[in-house]
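The block underneath contains the structure these notes are about, expressed in structure tokens.
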Amino acid sequence: WWILIVLTVLIIILISISNQKASPSVTAVSGYWNIHSKHSPGEYSKWFDNTLALNCPYVFFYEDEKVKEFVSEKRKDIPTTFLKKPMHNFSVNATYKDEWTHGQHVPNPNLGKIWIEKVKLVQEAAKRNVYGTEWFMWVDAGNALYRDRKPPASPWPNSEINLPTD
């Protein structure tokens, strides 16, 4: 009879473990600063309608409280952590040179600083690791895959989808 008790306990433990929701494996990192850019604020807003619907935890950097409110509305109840990061606190400010701008590709220094700072922002999100994830990725508002369509509503990434490996 003790074998039956041990087996029953093991079965209960295995069922309990299999029913536990796995923690997410990826944290998306993004941000928005209202600056003169290659695209209009309206375009970013439209793109964020899609990219902010990505169903995975997000760390979102911002400077303006209106941006935080906008993103909160879009994310609804998908886990999102907001970190206020004014541009004057960017680490790239110490080394960025205004002559790195280019009329077509990098139209102003602030845009260049944001592009370079993305690496540090992902590092900061990874260091905090508020969702206990293994991976971190930067998600641009205009992410090409979801620029013109919504991502799937299912949690992302979906391990049941077989992606090409080559």
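Please read these numbers as outputs of a predicted model, since none were measured by experiment.
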What's the shortest heavy-atom distance between [X] and [Y], and which atoms?
X: V139; Y: L54; value: CG2-CD2, 4.3 Å
X: N108; Y: T101; value: C-CG2, 3.5 Å
X: S30; Y: F48; value: OG-CE2, 4.0 Å
X: T27; Y: T133; value: OG1-OG1, 2.7 Å
X: V26; Y: P57; value: O-CD, 3.4 Å
X: P107; Y: S37; value: CG-C, 4.4 Å

I want to check something: taking the side chain as every heavy atom from C-beta on, are [X] and [Y] in contact at a cut-off of under 4.5 Å?
X: Y32; Y: D64; result: no
X: V59; Y: L83; result: yes
X: D49; Y: K74; result: yes
X: R75; Y: F60; result: no
X: L111; Y: K38; result: yes
X: Y146; Y: P152; result: yes
X: M87; Y: I114; result: yes

Check the pair E124, K120 against salt bridge (Lys or Arg N to Asp or Glu O under 4.0 Å), reporting the backbone distance first and the verdict last. CA-CA 6 Å; E124 185 175 338; K120 289 288 191 179; over 6 Å; no
| request: Step through the shown structure and confirm whether more than 12 heavy atoms of other residues, nucleotides or ligands are within 6.0 Å of NZ on K85. | output: yes
_Does K150, at its NZ atom, have more than 12 non-hydrogen atoms belonging to other residues, nucleotides or ligands within less than 6.0 Å?_
yes
**Prompt:** Should Y58 and V119 be counted in the same cluster of Ile, Leu, Val, Met, Phe, Trp and Tyr side chains packed under 4.5 Å apart?
**Reply:** no
Review point. Any chain of hydrophobic side-chain contacts (each under 4.5 Å) joining I78 to V71?
Key: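 As far as the 4.5 Å side-chain criterion goes, V71 and I78 are not connected within one cluster.
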Quick one: pull up [atom1] in [X] and [atom2] in [Y] and give me the separation to the nearest 0.5 Å.
X: L52; Y: T80; atom1: CG; atom2: OG1; value: 8.0 Å
X: I116; Y: N93; atom1: CD1; atom2: CG; value: 10.5 Å
X: E117; Y: W138; atom1: CD; atom2: CH2; value: 9.0 Å

With a 3.5 Å distance limit and no angle check, can you tell me whether [X] reaches the backbone of [Y] through a side-chain donor-acceptor pair?
X: T81; Y: P79; answer: no
X: R149; Y: N50; answer: no
X: S72; Y: K68; answer: yes

Tell me the ring pair (Phe, Tyr, Trp, His ring centres under 6.0 Å) pairs involving residues 68-96, sequence neighbours left out?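 Counting only pairs at least two positions apart or across chains, the ring pair (Phe, Tyr, Trp, His ring centres under 6.0 Å) contacts touching residues 68-96 are W33-F90, Y96-W100.
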